[in-house]
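What follows is a short report on a single structure.
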Amino acid sequence: MMDVEYSENSLKYLRLLARTYPTIQSVSTEIINLRAILNLPKGTEHFISDIHGEYEGFRHILHNASGSVRRKIDQALDDYVSSEERDNLATLIYYPELKLQEIKKEKNGTPSREWYTITLKRLVSVCKITTSKYTQSKVRKALPKDFEYVITELMTTGSKDFNKEEYYNQIIDSIIDIGSADKFIIAMCHLVQNTVIDKLHIVGDIYDRGDSPHLVIDELEKQRYVDIQWGNHDILWMGAAAGNRSCIANAVRICLRYNNYDFLEDGYGINIRPLAMFAMQTYSDDPCDCFVPKKSNTDAYDDHNDAIITKMHKAISVIQFKLEGQDILAHPEYDMEDRLLLDKMDLQRGVVTVGGTEYPLKDTNFPTLDPKAPYKLTAEEQKVMEGLESSFVNCEKLQRHIEFLYKKGSMYKYYNNNLMFHGCIPMKSDGSFAQLNIYGELCHGKSLFDRCEKLTRQGRYGHENSEERARGRSFMWYLWCGARSPLFGKDKMATFERYFIEDKKTHKETSDPYFKLAYTDEMADRILDEFGISDKDAVIINGHIPVKIKKGESPIKVDGRLLIIDGGLSKAYQSVTGIAGYTLVSNSHQMYLSEHEPFTSMSESICKNLDMHSRIIPVKTFPSRVKIADTDDGRDIALQIEDLEKLLAAYRRGAIKQGKG
């Protein structure tokens with residue numbers, strides 16, 4: 001064997017690696033293990049965007065894996081179990097704790113021994129199929145430690161195994177005898193949930209409109225693997241959590257507009273009482289007709305007076321327009337002067353000038369507006385904002401959730417040949433990438449995304465009271481609504497016009513040219529090239545713009561090279577899209593869209609075994625089954641194997657001494 005010279009750096013690295021693999025045997029075992037893993041099928045990836053606080057619908061999609069769980073049940077039990085029984089088992093897997101309670105009510109107490117035996121055996125059959133792609137080690141990590149051994153034995157020992165049939169049946173009997181059947185059923189249901197989806201990608205907009213974004217993030221925190229590409233509604237809450245007052249005012253206004261007062265108080269403990277008192281005093285005789293909240297959430301506000309909510313809605317909106325005006329005046333580089341509209345109002349004549357044209361105002365009662373300083377908060381408004389800022393910045397649960405968004409999130413991600421970002425790449429009408437001047441640095445395309453992410457992180461993690469932290473915190477508001485924000489992708493956010501002007505022409509928000517020009521092969525190539533992606537099989541995945549199925553729009557663009565996966569999970573959009581959202585699914589055989597029908601409710605699903613029906617839309621079929629070796633994880637594993645082979649060679653050449661096994 002030829003002697004090999006090792007540099008000090010390579011020996012230093014190999015010695016560090018040797019701490020984990022101290023012997024030839026331990027290195028050899030790991031190489032064998034990793035090489036075998038490369039030949040397993042790729043795990044199933046799910047892509048979801050624009051959840052917008054719709055917790056129940058999102059949770060159901062997650063737990064039924066966009067219809068995959070039912071298909072696994074059919075695969076395991078189709079030959080000898082009725083459709084009704086399979087429906088019942090599916091609901092049990094989706095909501096094990098709650099469904100068990102319902103079953104006990106139906107059976108007037110504890111279910112029969114026969115029911116437990118049959119259910120446990122059926123769950124074992126389903127678990128075998130959902131875990132078949134994974135190593136035993138990975139499956140064990142997904143199991144509760146208390147049940148790891150027993151469930152592993154059940155899944156590796158078949159009831160039809162002649163030599164172990166009695167052994168298998170005795171395990172089932174013992175589980176029931178000692179009163180642990182419920183716990184085992186729950187554990188196996190969770191195992192199915194945790195293994196039918198290997199990786200979860202959230203392509204933006206967890207927050208706003210729906211009433212439970214905090215519960216959505218609680219659910220995401222339980223996932224084994226999840227990544228998030230930030231949306232503009234996520235950035236809004238990230239900015240609010242950092243103390244940006246324009247972001248705070250927008251976040252509160254949207255909650256009030258969509259009838260989600262309870263979420264602010266009960267979800268995050270945000271103290272809204274000072275705003276309520278201020279609104280009732282300031283707008284006591286004002287019906288605030290322009291600010292009646294939307295009623296998509298009919299269960300909200302049983303304990304609140306709609307008139308109070310309406311007045312609060314107006315109060316925070318006026319404060320928002322003032323704060324945004326301050327930001328625009330302080331940052332001329334944002335190029336948002338067209339959004340300065342408070343100083344364009346003539347309240348005596350009841351008109352406002354927008355884009356050089358006068359329009360009648362629907363509301364002329366602005367008691368806190370000083371015509372000489374229209375963007376200055378009154379002392380009372382200032383006090384309200386100080387209280388709200390303190391609530392947002394000091395809310396422990398909100399800060400934990402935002403930290404999760406930073407830890408798992410980014411402006412974009414390229415993974416397994418999929419380029420994911422929420423909104424768009426800002427473009428000019430000629431198809432060139434539009435530039436944005438960010439504090440003196442001209443950015444476009446990928447550099448724009450990278451600069452935006454850097455500033456967003458500085459806005460949270462920069463040194464306290466530093467200029468970089470202040471800039472980052474301020475810029476998050478621009479990312480929420482700026483014309484060249486890659487997360488927003490429109491020429492303006494016409495909030496003022498929608499509230500105060502009847503003429504709907506002023507409400508129009510023109511989408512970035514990206515949303516027309518990107519839908520060609522040539523532009524798809526340019527976008528991928530901009531991000532350094534040469535693989536012609538790569539797919540661009542966006543959310544943000546709801547696909548209007550009712551009007552004949554398709555989520556599949558450029559023969560499947562670009563996909564828009566916002567189908568309207570948010571109830572606020574379902575009347576426009578005609579469906580209740582998409583999930584993009586990529587398994588080892590194919591990539592397809594699951595088009596969801598509206599979800600009724602969790603309680604109806606549990607009581608009546610109602611599932612969310614989904615239509616499968618094929619996107620592409622892979623020419624051969626995709627293995628882990630073909631994925632990004634596989635390439636990382638291949639590099640690990642190379643390093644381990646070097647360590648093995650160093651042991652055998654005597655360059656590094658073996659430790660104790």
Side-chain angles (χ1 to χ4, degrees), residues 207-209 211 213-214 236-237 239-295 297 299-327 342 345 347 362-371 373-399 477 495-496 499-500:
Y207 278 93
D208 292 332
R209 298 196 179 95
D211 62 355
H214 58 304
L236 177 66
W237 280 82
N244 182 306
R245 290 191 176 185
S246 290
C247 291
I248 291 170
N250 269 279
V252 173
R253 176 187 63 79
I254 293 170
C255 285
L256 295 172
R257 177 174 173 78
Y258 287 91
N259 215 18
N260 292 328
Y261 182 103
D262 289 343
F263 155 62
L264 283 171
E265 288 201 318
D266 300 337
Y268 282 141
I270 303 297
N271 183 11
I272 302 297
R273 182 173 172 78
L275 174 62
M277 294 175 63
F278 166 75
M280 289 302 294
Q281 292 169 1
T282 306
Y283 300 99
S284 58
D285 298 324
D286 187 343
C288 302
D289 292 334
C290 299
F291 294 89
V292 176
K294 293 179 179 291
K295 294 290 186 180
N297 180 8
D299 295 330
Y301 294 121
D302 291 340
D303 300 324
H304 301 297
N305 187 309
D306 278 354
I308 298 176
I309 308 306
T310 300
K311 295 180 192 304
M312 292 167 64
H313 186 187
K314 179 172 182 178
I316 197 64
S317 297
V318 173
I319 291 172
Q320 173 192 314
F321 297 135
K322 289 185 176 185
L323 291 169
E324 290 181 331
Q326 293 174 19
D327 282 340
L342 294 184
M345 294 192 300
L347 297 180
K362 293 162 61 178
D363 186 336
T364 58
N365 183 34
F366 291 87
T368 70
L369 194 68
D370 180 354
Y375 300 105
K376 183 179 179 181
L377 298 184
T378 65
E380 292 80 8
E381 288 173 326
Q382 178 72 18
K383 189 174 181 180
V384 167
M385 284 311 303
E386 287 173 357
L388 286 172
E389 181 182 348
S390 177
S391 284
F392 272 79
V393 170
N394 294 303
C395 173
E396 183 178 344
K397 185 171 184 178
L398 173 61
Q399 294 299 331
W477 172 75
T495 309
F496 181 96
Y499 281 128
F500 297 120

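Quantities reported herein were computed from a predicted structural model and do not represent experimental measurements. Side chains are part of it too, since the values below use all heavy atoms of this structure and drop only hydrogens, waters and symmetry mates.
Between Tyr207 and Trp237, the angle of the ring planes stays under 30°, which puts this pair in the parallel group of the 30/60° scheme. Using the six-membered ring where Trp is involved, Phe291 and His313 have ring planes that are perpendicular, over 60° apart on the 30 and 60° scheme.
Side chain to side chain, Thr282 and Glu380 fail the donor-acceptor criterion of an N or O pair below 3.5 Å.
With contacts defined as side-chain heavy-atom distances shorter than 4.5 Å, the pair Leu275/Leu256 qualifies. Taking the side chain as every heavy atom from C-beta outward, Tyr261 and Met312 approach each other to under 4.5 Å. Annotation: side chain of Val318 is not in contact with side chain of Leu369 (no heavy-atom distance under 4.5 Å).
With values rounded to the nearest 0.5 angstrom, Phe321 atom CZ is found 11.0 Å from Ile316 atom CD1. Interatomic distance, Asn250 CG to Asn244 CG, rounded to the nearest 0.5 Å: 9.0 Å. With rounding to the nearest 0.5 angstrom, the NZ atom of Lys362 is 10.5 Å from the OH atom of Tyr499.
Counting only distance, with no hydrogens or angles, the side chain of Tyr375 and the backbone of Leu342 share a donor-acceptor pair below 3.5 Å. Not a single donor-acceptor pair under 3.5 Å links the side chain of Gln399 to the backbone N or O of Asn394. Between the side chain of Asn260 and the backbone N or O of Phe263 there is no donor-acceptor pair closer than 3.5 Å. The backbone N or O of Asp286 sits less than 3.5 Å from a side-chain atom of Lys311, completing a donor-acceptor pair.
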request  = Decide yes or no on side-chain contact (heavy atoms from CB on, under 4.5 Å) for Asp306 and Val292, but give the supporting numbers first.
outcome  = CA-CA 8 Å; Asp306 278 354; Val292 176; over 6 Å; no
key: Worked check of side-chain contact (heavy atoms from CB on, under 4.5 Å) between Thr310 and Asp289   = CA-CA 8 Å; Thr310 300; Asp289 292 334; over 6 Å; no
message = For Asp370 and Lys376: C-alpha separation, side-chain torsions, deciding distance, then whether salt bridge (charged side-chain N to carboxylate O under 4.0 Å, His left out) applies.
response = CA-CA 8 Å; Asp370 180 354; Lys376 183 179 179 181; over 6 Å; no
request  = Apply side-chain contact (heavy atoms from CB on, under 4.5 Å) to the pair Leu398 and Phe392, showing each step before the final yes or no.
outcome  = CA-CA 7 Å; Leu398 173 61; Phe392 272 79; 3.6 Å; yes
message = Determine whether Lys322 and Thr378 satisfy the following criterion, side-chain contact (heavy atoms from CB on, under 4.5 Å), listing intermediate values before the conclusion.
response = CA-CA 10 Å; Lys322 289 185 176 185; Thr378 65; 4.2 Å; yes
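A cation-pi contact, defined as under 6.0 Å to the ring centre and within 45° of the axis, links Lys314 to Phe366.
With sequence neighbours excluded, no residue forms a side chain to side chain donor-acceptor pair (under 3.5 Å) with Tyr283.
Between Asp363 and Cys290, the shortest heavy-atom distance links the atoms CB-SG, 4.1 Å.
Considering Ile309, Ile270, Leu264 in turn, Leu264 is the only one that fulfils the side chain to side chain contact (heavy atoms under 4.5 Å, CB included) rule with Cys255.
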